[in-house]
2 protein chains.
Amino acid sequence: MARRRSEMLTDVELEFMIALWEIGTGSVRDIMGALDGEHQRAYTSVATVMKILDDKGFVTSDRKDRALVYSPAVEKGDYEGRSLKNLSKTLFGGTPTALVARLVDNEDLTDEMIQEIKEIIDTRIRKDDG
Amino acid sequence: MARRRSEMLTDVELEFMIALWEIGTGSVRDIMGALDGEHQRAYTSVATVMKILDDKGFVTSDRKDRALVYSPAVEKGDYEGRSLKNLSKTLFGGTPTALVARLVDNEDLTDEMIQEIKEIIDTRIRKDDG
DNA sequence: GTTTGATTACTAGAAAATTAGTACTTCATT
DNA sequence: AATGAAGTACTAATTTTCTAGTAATCAAAC
């Protein structure tokens with residue numbers, strides 16, 4: 001516990017959290033196995049970062065016969081929200097509309113995607129009304 | 001010129017780029033003046049980072065009687081797009097729809113904002129059709 | 001009970017990012 | 001020409017992040 005300077009993860013921390021969110025819960029070895037495998041890292045490197053994540057409060061740990069089993073203390077959706085808020089704040093003046101505007105003027109966004117996005121918005125509007 | 005390892009900016013680089021985008025063009029002193037002012041930094045710190053940004057190709061520089069005057073080589077909108085793509089890739093499986101879904105389930109999003117977002121989407125759809 | 005294997009804790013070093021000092025250059029002013 | 005002011009280039013130190021080694025612990029297998 002303790003530490004928690006920033007509410008945002010560093011690059012490597014995020015990579016490991018993604019692995020943990022993927023598997024739900026797991027030991028250092030499990031997490032190492034769930035990593036993208038691009039980079040190849042020492043067991044102790046993963047263990048060290050997991051401990052840091054524990055210190056920062058992003059995960060919790062439980063001992064299961066000798067080994068630590070980690071679980072997310074922050075949900076992925078929660079962190080996604082944080083990331084969006086963070087990006088919105090730094091680059092879009094805190095207005096999500098500006099963010100969406102930039103998103104949809106991306107050329108390689110297919111018609112289907114746009115349509116899907118429209119449906120998401122419409123659903124949300126209907127939910128508010130109802 | 002040269003350098004350009006990552007296409008993404010570091011935190012401090014981004015902070016300075018935002019200042020430069022704000023003023024359009026300016027000397028180290030101008031940029032220093034346009035910073036949020038939260039942090040207070042030495043003149044030479046700003047100068048060093050601006051040189052790095054030049055090396056990486058994010059800005060261009062021109063001498064105007066002795067002093068360097070910097071201009072963005074990457075538009076803010078371009079970098080906004082990059083950032084969104086980056087976030088979408090790491091955290092939303094590369095699907096912008098998932099990103100939007102997360103964005104709109106943010107509670108402190110007002111009805112007006114949602115409505116605005118809807119209009120942005122609808123406009124984009126109409127543009128595609130026509 | 002000793003060895004082996006797996007794991008954590010601690011430590012440290014490498015790499016990347018940030019900050020800023022010092023020396024040098026150049027121009028304007030005296 | 002000497003002095004001072006402003007700026008850049010170079011260098012270096014600090015901080016943060018990332019990586020991994022070593023030692024200690026503990027349980028199981030022999």
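Convention: sequence-line order gives letters A, B, ...; per-chain numbering from 1.
Put simply, NE2 on B:H39 is 12 Å from P on D:dT15, counting in whole angstrom units. Here C:dA9 presents its C1' atom at 16 Å from CE of A:M50, a figure rounded to the nearest Å. Between A:M8 atom CE and D:dT17 atom C1' there is a gap of 16 Å when expressed in whole angstrom units. One interatomic measurement links the two molecules: CD of A:E15 to C1' of D:dT17, which rounds to 13 Å at whole-angstrom precision. Rounding to whole angstrom units, OH of residue B:Y70 and P of D:dT8 are separated by 6 Å. Rounded to whole angstrom, the span from the CD atom of A:E13 across to the C1' atom of D:dT19 amounts to 13 Å. Put simply, NZ on A:K64 is 15 Å from P on C:dT7, counting in whole angstrom units. Nucleotide D:dG21 holds its P atom 20 Å from the NZ atom of A:K51, rounded to whole Å.
A:D30 contributes a side-chain N or O that, together with a main-chain N or O of A:S27, makes up a donor-acceptor pair within less than 3.5 Å. Looking only at distances, a side-chain donor or acceptor of A:S6 sits under 3.5 Å from a matching main-chain atom of A:M8. Remark: side-chain polar atoms of A:T25 are paired, donor with acceptor, to backbone N or O of A:Y70 under 3.5 angstrom. Judged by distance alone, the side chain of B:K76 and the main-chain N or O of A:L91 form a donor-acceptor pair under 3.5 Å. Using a distance-only test at 3.5 Å, with no hydrogens or angles considered, no donor-acceptor pair links the side chain of B:Y79 to the main chain of B:F58. Remark: side-chain polar atoms of A:W21 are paired, donor with acceptor, to backbone N or O of A:V74 under 3.5 angstrom.
A:A42 comes within 4.0 angstrom of sugar-phosphate atoms only, judged by non-hydrogen atoms across all strands, and of no base. Base engagement by A:T44 is indicated by at least one non-hydrogen atom pair under 4.0 Å involving a base atom.
Using a 4.5 Å heavy-atom threshold, the side chains of A:V100 and B:L103 count as touching. In this structure, the side chains of B:R82 and B:D78 come closer than 4.5 Å at one or more pairs of heavy atoms.
The phosphate of D:dA20 has OP1 or OP2 within less than 4.0 Å of a side-chain N or O from A:S45. The side chain of A:Y43 places no N or O atom within less than 4.0 Å of a non-bridging phosphate oxygen (OP1 or OP2) of D:dT19.
Side chain A:T48 to base C:dA9: no donor-acceptor pair is found below 3.5 Å. The base of C:dA16 does not come close enough to the side chain of B:T10 for any donor and acceptor atom to sit less than 3.5 Å apart.
For DNA chain C, none of the residues of residues 24-34 of chain B falls under the heavy-atom distance limit of 4.0 Å.
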* Asked: Run the salt bridge (charged side-chain N to carboxylate O under 4.0 Å, His left out) check on B:R124 and A:D105 step by step: do they pass?
  -> CA-CA 8 Å; B:R124 162 70 195 247; A:D105 90 4; over 6 Å; no
* Start with the C-alpha gap between B:R41 and B:E15, add the side-chain angles, then the distance that decides, and say whether salt bridge (charged side-chain N to carboxylate O under 4.0 Å, His left out) holds. => CA-CA 12 Å; B:R41 251 172 290 234; B:E15 188 186 341; 2.6 Å; yes
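Residue A:L68 has its side chain nearest to C:dT8 when only D:dA9, C:dT18, C:dT8 are considered.
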* Quick one: what's the B/S/- string for nucleotides 24-30 of chain C, heavy-atom cutoff under 4.0 Å, read 5' to 3'? -> --BS---
